[in-house]
J.: 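Can you keep this structure in mind? I'll have questions shortly.
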Number of protein chains: 2
Amino acid sequence: MAHSEDLRQAGLKTTLPRLKVLSILESSKVRHMSAEDVYKILLGEDESIGLATVYRVLTQFEDAGLVIRHNFEGDRAVFELNDEDHHDHMVCVSCGGVIEFIDQRIEELQDKVAHDHDFGIQDHSLTLYGICKKCKARAS
Amino acid sequence: MAHSEDLRQAGLKTTLPRLKVLSILESSKVRHMSAEDVYKILLGEDESIGLATVYRVLTQFEDAGLVIRHNFEGDRAVFELNDEDHHDHMVCVSCGGVIEFIDQRIEELQDKVAHDHDFGIQDHSLTLYGICKKCKARAS
DNA sequence: GTATATGCAAAACTTTTGCATCCTT
DNA sequence: AAGGATGCAAAAGTTTTGCATATAC
């Protein structure tokens, strides 16, 4: 369960919507959730929190570094908790599942490429698209 | 200038809107364009082609493999000609400029990661975000 | 001539914003 | 008490769709 301190450390006032949204992100089995996903869970919990507030809270969380926003599909953004443990993603185009991975050599090579172009890298996004293990097995 | 054969090879009938859009993508100085960007150029050329048609044509081009759709910013998609010559991108968060690059070792490592996870990779997207050389110079 | 493509307007969707009210400190 | 946060509804922005008309082959 989310604590007030988490929010205060992020420079945000403790409010019910913020606690609830953070709590949902922390306890969800699915790590990457859209604003609508979070909102639906709130509805199911009979919380009268508006979708606009969910968007506002998620954006504040992003600015505060609590969550990371992804645009995997392009239509709707998804958010995941920022556990300070950087990783990249594999997205299954069949089931929508997301697998996280990290490859230190790829990270280093990215920095090298940026450096070679005199590009001040601040962030990066690497996503592989394809068919996950489970879906491959099901299809065969 | 775009030719009818390019479209026929892609399995698309030759129509004025398709030729025009392909032509614009080929001749544009800016390689990555949104549907709106293409539409504005058409307006400037006094072509009465609707924005809806631009979207339809670009989507058909994507399905046919003629162009690649990117969701760099998340709000609006941009399209670039698919020259069969894969590359990744650096996006300058200051001026919006896009620099293309390719690093064969990164490509290989991606395939290896996918293989290690028994993930049937079909495509990938790697984008570095930061400050380009020019903007860095301007800021200092 | 027939099937497909287009234009226009309207709809669908995601995300943002204005404003009165409510809550946190 | 004062400033910030929220809810609701409306707006904004992008992309898609329905349908009558026009076009390609």
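Just so you know, these numbers use all the heavy atoms, side chains as well, and skip hydrogens, waters and symmetry mates. Every value quoted in this text rests on a predicted model; they were computed, and no experiment measured them. By convention in this document, chain letters (A, B, ...) are assigned in the order of the sequence lines, proteins followed by strands, and residues within each chain are numbered from 1.
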J.: Using 30° and 60° as the class boundaries, would you call the ring planes of A:H89 and A:H87 parallel, tilted or perpendicular?
T.: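 Taking A:H87 first and then A:H89, their aromatic rings stand perpendicular (interplane angle over 60°).
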J.: What pair of heavy atoms forms the shortest contact from B:L126 to B:D88, and how long is it?
T.: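 B:L126 and B:D88 have their closest heavy atoms at O-CB, 3.4 Å.
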J.: Between P on C:dC23 and CD on A:E47, what's the gap in Å once rounded to a whole number?
T.: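 My rounded result for the distance is 14 Å.
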J.: Do the side chains of A:I68 and A:F79 join up, straight or via other hydrophobic residues, at under 4.5 Å, putting them in one cluster?
T.: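 No, A:I68 and A:F79 fall in different hydrophobic clusters.
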J.: Between atom NZ in A:K20 and atom P in C:dT24, what is the gap in whole Å?
T.: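 A:K20 atom NZ is separated from C:dT24 atom P by 14 Å.
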J.: Return the 5'-most residue of the pair A:R56, B:K13 with respect to DNA chain D, ranking by each residue's nearest nucleotide.
T.: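 Result of the comparison: A:R56.
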J.: Which comes earlier along DNA chain D counting from the 5' end, the contact point of A:V57 or that of B:A35, where each point is its nearest nucleotide?
T.: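 This one resolves to A:V57.
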J.: Quick one: closest heavy-atom pair of A:I99 and A:C132, and the distance?
T.: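 Scanning both residues completely, I find the closest heavy atoms to be CD1-CB, 4.2 Å.
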J.: Same hydrophobic cluster for B:I121 and A:F72, using side-chain heavy-atom links shorter than 4.5 Å among ILVMFWY?
T.: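 Cluster IDs for B:I121 and A:F72 differ.
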J.: Anything under 4.0 Å to a heavy atom of chain A counts; send over the first and last such nucleotide of DNA chain D, read 5' to 3'.
T.: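 That gives a stretch of D:dG3 to D:dA9.
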J.: For A:S34, report the nucleic acid contact type (base, sugar-phosphate, nothing); a contact means any heavy atom under 4.0 Å.
T.: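 It contacts nothing in the nucleic acid.
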J.: Quick one: A:D63 CG to C:dT15 C1', roughly how many Å, whole number?
T.: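 Those two atoms, CG and C1', are 15 Å apart.
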J.: Nearest heavy-atom pair of B:K13 and B:L7: which atoms, and what distance?
T.: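 Minimum heavy-atom contact is O-CD1, 4.3 Å.
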J.: C:dC22 C1' sits how many Å from A:R18 CZ, rounded?
T.: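 Between C1' of C:dC22 and CZ of A:R18: 14 Å.
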J.: Tell me what B:I49 touches on the nucleic acid: a base, only sugar-phosphate, or nothing, going by heavy atoms under 4.0 Å.
T.: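 Sugar-phosphate, no base atom in range.
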J.: Mind calculating the distance between CG (A:L16) and P (C:dT25) to the nearest angstrom?
T.: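 Value for this atom pair: 12 Å.
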J.: More 5' along DNA chain C: B:L12 or B:A52, using each one's nearest nucleotide?
T.: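 The 5'-side residue here is B:L12.
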J.: Do A:I131 and B:F119 belong to the same hydrophobic cluster, where Ile, Leu, Val, Met, Phe, Trp and Tyr are linked whenever their side-chain heavy atoms lie under 4.5 Å apart, directly or via other members?
T.: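 No.
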J.: Tell me whether the OP1 or OP2 atom of C:dA5 has a side-chain N or O from B:T53 closer than 4.0 Å.
T.: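 Looking at the OP1 and OP2 atoms of C:dA5, neither is under 4.0 Å from any side-chain N or O of B:T53.
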J.: In whole angstrom, what separates A:Y39's OH from C:dT15's C1'?
T.: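 Whole-Å distance recorded here is 14 Å.
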J.: So B:F101 and A:D116, do their side chains get closer than 4.5 Å, heavy atoms only?
T.: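 Answer no - side chains too far apart.
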J.: Do you know the tightest heavy-atom contact between A:L12 and A:A64?
T.: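 Taking every non-hydrogen atom into account, CD1-CB, 4.5 Å.
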J.: For nucleotides 11-14 of chain C, print each protein N/O atom paired with a nucleotide N/O atom at under 3.5 Å, atom names and distance only.
T.:
residue : atom : partner : partner atom : Å
C:dT14  : OP1  : A:R76   : NE           : 3.2
C:dT14  : OP1  : A:R76   : NH2          : 2.5
C:dT14  : O3'  : A:D75   : O            : 3.4

